[in-house]
Asks: 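Please see the structure below; I have some questions.
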There are 2 protein chains.
Amino acid sequence: MTRKNPKQTRQRLLQTAFQEMHAHGFQGMRVDEILRQSGLQKGAFYHHFGSKTELGYAILEEQIKPLIEEVWLAPLADINNPVQDLPRFLDSLGERITPAMREHGCPLNNLAQEMARLDDGFQKRIASLFTEWVTAFQTVLEKGQQHGYIRKNVDCHQVARFLVAVLEGCIGLFKVEHSAEQWQACRTQLAVYMTSLEPNSTQ
Amino acid sequence: MTRKNPKQTRQRLLQTAFQEMHAHGFQGMRVDEILRQSGLQKGAFYHHFGSKTELGYAILEEQIKPLIEEVWLAPLADINNPVQDLPRFLDSLGERITPAMREHGCPLNNLAQEMARLDDGFQKRIASLFTEWVTAFQTVLEKGQQHGYIRKNVDCHQVARFLVAVLEGCIGLFKVEHSAEQWQACRTQLAVYMTSLEPNSTQ
DNA sequence: AAATACAAACCAACCAGTCTGTTTGCAGGA
DNA sequence: TCCTGCAAACAGACTGGTTGGTTTGTATTT
């Protein structure tokens, strides 16, 4: 007999929904399809989530946010020399990336571009997540600056914002055209940019 | 008496649909809403377009493509020194930008991120448009290289790909957080990157 | 016993697309 | 120039499937 396990049920719904949203976008994601894939019924769904929109918020907070923290924030905290290690980190990321991410790109940016201007609840949560990400970059850059890897006159907050934009842009273009050439261009030119932040660079 | 004017009718449908798609995405765009706004009926719509998807293709080819050519490709062709003029062009673009673009970002990238992996017809048309854009950048960069504004060992095709990615990334982040700070960060750091391509730069 | 955690039938609104009929534009003949 | 036939250009009612959400009932847990 299958025992009732609310936490597991909720988690199953969340994970299935995350995959569906990642693939089809929030508007393209269908509640019925989530139920079909997870083998559950409407009763289970609307017991755990008030609406499709609230499910979206939950995906953002309980699936995407931990993912960002695991894939980006945690590794960033271990970096000493951003100029050298950031491009290198991109390489390792390109190798470790899951098929779903290769195929559908960054789930945060996808949701951001689709829903940020349509729903204020999404907007605030997304902006908050991006801020976390920018801050993580800023911290690494400032640490690198203190160690002399980066010029003193570099605005680390500005560079951090730029880096997040660049990464999302690169992932986005790679999603359109799955060519190694596209990823290589972004990886190499990002290294070029990072080098230009070094003290011995002419600025 | 309102005379029949098929070309004007089609154009009206296309323009209204473009605005709706820009605001709500392709999946969020409603045929009924387009008809309501344009004051037309189903008969008119399905006389001019075979389906919603074909309308999407038409928007891409007859609205977005000319827009890209007008806003990006044409001005790029007039640039002599990319290192100086590209950041400057971004400034003027930030001033001349329409409210709709401010609000909803780049219509090409929006459509790309939403539909490229869901529909092959979109995928091919979008990839083709991005290629045009990359090529335009590449041409400018190579011209600048011949005039000595850019180092000889710079891979212009790679830089062009990177620039398109960066721009889409910057526009995308600005769409999420409408702050002057965000746009300034992208504009300034792009100038930093461009400078690093100059001959006197240490690479 | 009471609250929680579901199953499953049900519903109303929505939405892309169809169908039928009507009006308009226009080419060609008298 | 005027009439006529016909195709193009619509209007508008209709449809069938979809979709988010509700409701009622039941099993499980505490």
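All figures in this text were calculated on a predicted structure; none of them were measured in a lab. Just so it is clear: chains get the letters A, B, ... in the order the sequence lines come, proteins before strands, and each one is counted from 1.
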Asks: Please name the pair of heavy atoms, one in A/Val134 and one in A/Ala160, separated by the smallest distance, quoted to 0.1 Å.
Replies: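 Smallest heavy-atom distance, with atoms named: O-CB, 3.3 Å.
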Asks: Without hydrogens or angle criteria, can the side chains of A/Glu181 and B/His157 be said to hold a donor-acceptor pair below 3.5 Å?
Replies: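 Judged by distance alone, the side chains do pair up.
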Asks: Looking at the side chain of B/Lys4, which of D/dA27, D/dT22, D/dA9 is the nearest nucleotide?
Replies: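 That would be D/dA9.
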Asks: By nearest heavy atom, map B/Leu40 and A/Phe45 onto DNA chain D; which one lands nearer the 5' end?
Replies: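 Looking at DNA chain D, the more 5' nearest nucleotide goes with B/Leu40.
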Asks: Will you find, in the side chains of B/Asp85 and B/Tyr149, an N or O donor that is under 3.5 Å from an N or O acceptor?
Replies: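 Short answer, no.
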Asks: Mind calculating the distance between CZ (A/Phe26) and C1' (D/dG20) to the nearest angstrom?
Replies: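 Nearest whole value for this atom pair: 10 Å.
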Asks: Please state how far atom NE2 in B/His24 lies from atom P in C/dC15, giving the value in whole angstrom units.
Replies: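 It works out to 11 Å between those atoms.
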Asks: Tell me which residues in residues 48-60 of chain A put a heavy atom below 4.0 Å from DNA chain D, sorted by number, or none.
Replies: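 A/Ser51, A/Lys52, in order of number.
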Asks: Salt bridge or not for A/Asp32 and A/Arg36, using N-O below 4.0 Å?
Replies: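 No, A/Asp32 and A/Arg36 are not salt-bridged.
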Asks: May I have the distance from A/Asn5 (atom CG) to C/dC6 (atom P), rounded to whole angstrom?
Replies: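 For the pair A/Asn5 CG and C/dC6 P, the rounded distance is 8 Å.
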Asks: In whole angstrom, give the distance that lies between atom CD of B/Glu33 and atom C1' of C/dC15.
Replies: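 That distance rounds to 13 Å.
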Asks: If we count only N and O atoms by modelled type, under 3.5 Å, do the side chains of B/Gln146 and B/Glu142 hold a donor and an acceptor together?
Replies: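 No, no side-chain donor-acceptor pair sits under 3.5 Å.
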Asks: So, are A/Glu132 and A/Lys65 salt-bridged, with charged N and O less than 4.0 Å apart?
Replies: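 A salt bridge links A/Glu132 with A/Lys65.
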Asks: Starting at NE2 of B/His47 and ending at P of D/dA8, how long is that distance when rounded to a whole Å?
Replies: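 Roughly 8 Å, once rounded to whole Å.
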Asks: Here's a test for you: under side-chain contact (heavy atoms from CB on, under 4.5 Å), which of A/Leu14, A/Ile59, A/Val31 qualifies with A/Phe49?
Replies: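 Per the side-chain contact (heavy atoms from CB on, under 4.5 Å) rule, the option paired with A/Phe49 is A/Leu14, out of A/Leu14, A/Ile59, A/Val31.
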Asks: How would you summarise protein contacts on nucleotides 12-18 of chain D per nucleotide, using B for base, S for sugar-phosphate only and - for none, with heavy-atom distances below 4.0 Å?
Replies: BB-----
Asks: Which of residues 6-23 of chain A sit near DNA chain C, with a heavy atom under 4.0 Å from it?
Replies: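 Heavy-atom contacts with DNA chain C come from A/Pro6, A/Thr9.
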Asks: Could you tell me how far apart A/Gln27 (CD) and D/dG20 (C1') are, to the nearest whole angstrom?
Replies: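 Taking atom C1' of D/dG20 as the reference, CD of A/Gln27 is at 14 Å.
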Asks: Please test B/Gln189 against A/Tyr193 for side-chain contact (heavy atoms from CB on, under 4.5 Å), starting from the C-alpha separation and ending with a verdict.
Replies: CA-CA 9 Å; B/Gln189 296 307 314; A/Tyr193 167 71; 2.6 Å; yes
Asks: Salt bridge (Lys or Arg N to Asp or Glu O under 4.0 Å) with A/Glu62: which of A/Lys7, A/Arg10, A/Arg125?
Replies: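 Running salt bridge (Lys or Arg N to Asp or Glu O under 4.0 Å) over A/Lys7, A/Arg10, A/Arg125 with A/Glu62 returns exactly one hit, A/Arg10.
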Asks: Do you know the tightest heavy-atom contact between B/Ala136 and B/Leu73?
Replies: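 Smallest interatomic distance, heavy atoms only, reads CB-CD2, 3.5 Å.
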Asks: Scan A/His22, A/Glu69, A/Met21 and name whichever one has a side-chain contact (heavy atoms from CB on, under 4.5 Å) with A/Ile64.
Replies: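 Of A/His22, A/Glu69, A/Met21, side-chain contact (heavy atoms from CB on, under 4.5 Å) with A/Ile64 is met by A/Met21 alone.
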Asks: Between C/dA16 atom P and B/Tyr46 atom OH, what is the distance in whole Å?
Replies: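 Interatomic distance, OH of B/Tyr46 to P of C/dA16: 7 Å.
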